[in-house]
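Notes follow the structure.
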Amino acid sequence: MRVTDLTLGLLTLLGGIAIYLSAINFHAIPGQDYGAGTMPRAIAFVTGLVGVFIITKAVMAGERLPGLQLAEWTRSGSAVLRMLAVLGLIVAYIVVSPVVGFLPTAFCVMLVAMLILGVRIPTAIIVSAVTSVAIQQSFGKLLLVPLPRSDFLNFFW
Amino acid sequence: MSIVIEAANLVFQPYVLLVIFGAAAFGMFVGAIPGLTATMATALLVPVTFFMDPVPAIATIVTATAMAIFAGDIPGTLLRMPGTPASAAYVQDAYAMTQQGRPEAALGASLVFSSIGGIFGTLVLITASPVLAEIALKFSSFEYFWLVVLGLSCAVFISPGSPARGLIALFIGLFAATVGLDNPAAVPRYTFGSVEMMGGVQFIPAMIGLFAVSEVIRAFIKRASDVRPPAAMSKSIFRQQATNLVTYPVQALRGSILGTAIGALPGAGADIAAWISYAVSKKFSKTPEKFGTGHVEGLVEAGASNNGAMSGAWIPALVFGIPGDSITAIVIGVLYIKGINPGPMVFITQPEMIYAVFIVFLLANLIMLPLGWIAIKGARHVLSIPQKVLMPVILMFCMVGSFAINNSVFGIGLMLIFGIIGFLMEENDIPIAPAILGLVLGPMLEQNFVTSMIKSDGSFLAFFERPIAAGLGLFSIAIWAIPLVLWLLHRRSARQNLT
Amino acid sequence: MHFIKTIAAVGGLMAMTSAAWAQEYPERPIQMIVPWGAGGGTDAVGRLLGAEIQKELGVPVNVVNRTGGSGVVGHSAIANADPDGYTIGIMTIEIDMMHWQGLTELTYEDFDVLAIVNSDPGGVMVSADAGFDSVEALLEKIKSEPAGTFKASGTGQGGIWHVGLAGWLLSEDLAPDHVTFVPSQGAAPGLTDMVAGGVDIVPSSLAEGRSMIDAKRVVALATMSADRQDAFPDVPTLAESTGSDWTVAVWRSVAAPAGLPEDVKVKLMNAIETAYNSEAYQEFMKDRGFGLRWAKGDDAAAIVATDDAAFGEVMTKAGLAAQ
């Protein structure tokens, strides 16, 4: 998903304006001229300048209308699905792991990911199982990272 | 001299050497796992050191951290998952070298020049601590403000493409840094009422997202082919580095000096040092166009700078008990518990202890070479795993690493968001590195600017009133103004030539 | 065949573990949340106390850092955990301040305070170059100069030493912002800045400035406590020198989410008491220069409540409380 220079400039300018508007209510430190709003406003100002600069350059180069070039992969339905799948797997881990526990969630996430990429089923099962137990042992046991517990697999703890 | 022998006797004990070796292996393991930091390694070691004598206790922490910092380059180089913001400075070059089939050359450079920078920093620590610490103590918010401005200016110099795109990346990072409560006014910004958002955007999950997750997304889109990187060249790891040392002696020295100097400042550390050194290296390079395409020169300089800063951070720590970073903060605590009170007196009352610490430093930086060699040889095999198997495993490590930084799934959410941002940035040729720089330096910029304005009762002139601040300020303005003036002059003469 | 055996084994283990539920507390690792970063003083206290409690209870006590938001994130994580005794945490003085600032609804009433394990009074520290030898001389100079001439630093905006400074100024009949407060990321950066000439006063605990005091870069003029501190016997109290009755101290406590079962609470309090009295803990606190203070259960909760009211008053007067 590639935007043209003119679009990028417009987006940057809009971003700057949005940051400025969002910072209006950040008040200064009592008794001072500066505070929470200083930094966002400075960022907004320079971002806006960069946006104007890019727009000027694009217009001078002959661009007239903002546009969007779709990368080649967006034309392949399965590629788009695979991209959505990997994002979905991360969301699934965030939602499921605190409830079900680390081991089963990690195993399933890796298994599904490997199957999507076309790994053969036995290999995928073995690698996912070994990796999830290895991570659980090294992070959970050795490094004391409190990975979510799973009540029905807690003999690993 | 007798003090040195006495100190050596404290260190060269079988038990102490064994401890150093164990700590080195531990540090290597923790550092090589993305998402786990050297600070975390140190914190985990603190309870262990309670039961040790002073020298092995210090040796444990010093060795583990030195190793962890180097090992952080391993996932950065092989998988484009930098372990620390410092190694993010040169990850582009290191990863490009891996893709060209030269991961050992990249890691070897990182290893050898890390060690050189570390040893240089230690020698400075031994010989010039008190003098340097005096200068470091003169740095107030005015000086730090200019230092941060210099650091941010690097974003423009290190951007491979157009400066405008580099600035967009920088401001994405700076904006992300404003989220949360930890700003000088202690006002919650962009938190939308969420407690987790008050903690702000931690840079480890953001970094994992920007670099690694965006790579995973791309691999899924392309349905990770089975293409493996080309085989390694047969040249030995160390012989290549001898060549590098002959080719880039100035770079190695410059990186070590700059790194140690910046590291000695309590308010700045390895992060800024590595970025500034990388930018300096590109600026003065004969072949700046090669930077970012798998060129070893910047790696040499920034790698040396990175570890030089690690040693430099000990200068204010030992001389005044002022921590330069979170690691020295932990160690100062341990020193107190062991009855060594950091400060000028310790050099007089317990010189053998201080010299023992120095010897440990040198040992840690030397033991790094063989152990690092083993780690590189071992880690390289990761690359022989087919991508379609490796990518899901990397995804898992990304999630666990982002979780571990603050023990919360919020970190994984951050990682996901920055993964998408990073993916979109790269689709549009916006470089990622400046965003990390903005994220790391943003809070420092804000803190030092706002507090300086409070101190000066709102007068901008205060930024030039103190001698060091004035010098740094004029220098910062010059590096922006001079290219602009030259460009304008050039344009004018071009126009006159036309007419 | 193998597969069935594995299933059977797993089933057996599951049965064993579910039987373990009926066992007495504690039967699995306890998580101790520290709302501040690895390496800081609170982290060190938590880790050491955790190691001692672990010895006492016989299950691992894992220290978990939940940082950010000036402590709000970590304190919320403790309060929102299940009150089953498997999540405890180090609660710090910020719990008595952040709700006044309007940062959170959370107050000490959302916790079961198990014990207070440490306390460090605030102090008055100046740079050695400033040439003050007593807090009276400093106060006189502050009073004679216009408001805002003197600057102080040592915590974030509205942080404990900011409140401590405002409270002291109020007790000396000065405006709470007569000395301008410059927010910093903590006592160490504040002290460094003072030595570099950036600010004039750091009102943090003397323990935090010890190495700089030893290095003769910083002079401790007073302690904001009722009695002199053991570690600094030469430093007078405010009452002795200027006659101010203002005292302020940071404390660290062990707390659990409110609603702990009574038997679990008693068991934990006893384990913490043993840990507090252990040689390792006592030595550690002395070596670090941290103040020892012990209060258990309701006594500890009363201290927390008293401070909460006192801070509310000062913060409102100083304009640091949310309207």
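Keep in mind that what you see is a predicted model, and the values were worked out from it rather than measured. Just so it is clear: chains get the letters A, B, ... in the order the sequence lines come, proteins before strands, and each one is counted from 1.
Most heavy-atom pairs under 4.5 Å with chain A: of the set B:Val30, B:Ile168, B:Asn183, this distinction falls to B:Ile168. Interface summary for chain A: among B:Phe403, B:Phe397, B:Phe171, the most heavy-atom pairs under 4.5 angstrom belong to B:Phe171. Contact count against chain A (heavy-atom pairs under 4.5 Å) is highest for B:Asn407 among B:Leu167, B:Leu170, B:Leu395, B:Asn407. When each of B:Ile430, B:Leu445, B:Ile454 is checked for heavy-atom pairs under 4.5 Å with chain A, B:Ile454 comes out on top. Per-residue counts of heavy-atom pairs under 4.5 Å with chain A were compared for B:Asp457, B:Val450, B:Val400; the largest is that of B:Val400. Put simply, of A:Ala36, A:Gly37, A:Ala79, the one with the most heavy-atom pairs under 4.5 Å next to chain B is A:Ala36. Contact tally against chain B (heavy-atom pairs below 4.5 Å) for A:Asp33, A:Val3, A:Thr131, A:Leu81: the top residue is A:Val3.
For a residue to count as touching a neighbouring chain, one of its non-hydrogen atoms must lie under 4.5 Å from one of that chain's; by this rule B:Pro163 does not touch chain A. Contact of A:Ile19 with chain B is made through backbone and side chain together, with heavy-atom distances under 4.5 Å. With a threshold of 4.5 angstrom between heavy atoms, A:Leu8 approaches chain B through side-chain atoms but not through N, CA, C or O.
Between B:Phe460 and B:Phe449, the two ring planes are tilted [angle within 30° to 60°].
Counting only distance, with no hydrogens or angles, the side chain of B:Trp480 and the backbone of B:Ser153 share no donor-acceptor pair below 3.5 Å.
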Validation: residues 39-61 of chain A side-chain donor-acceptor distances under 3.5 Å, sequence neighbours left out:
unit_1, atom_1, unit_2, atom_2, d
A:Arg41, NH2, A:Ala23, O, 3.1
A:Arg41, NH2, A:Phe26, O, 3.4
A:Thr47, OG1, A:Ile43, O, 2.5
A:Thr56, OG1, A:Val52, O, 2.5

Output side-chain donor-acceptor pairs under 3.5 Å for residues 98-124 of chain A, partner residues at least two apart or in another chain, one line each.
unit_1, atom_1, unit_2, atom_2, d
A:Thr105, OG1, A:Gly101, O, 2.5

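The minimum heavy-atom distance between B:Leu152 and B:Gly438, with the atom names listed, is CD2-CA, 4.4 Å.
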**OP:** Dump the intermediate steps for side chain to side chain donor-acceptor pair (under 3.5 Å) on B:Tyr190 and B:Thr178, then the final yes or no.
**Re:** CA-CA 8 Å; B:Tyr190 309 112; B:Thr178 63; 5.2 Å; no

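Using a 4.5 Å heavy-atom threshold, the side chains of A:Thr38 and B:Met453 count as separate.
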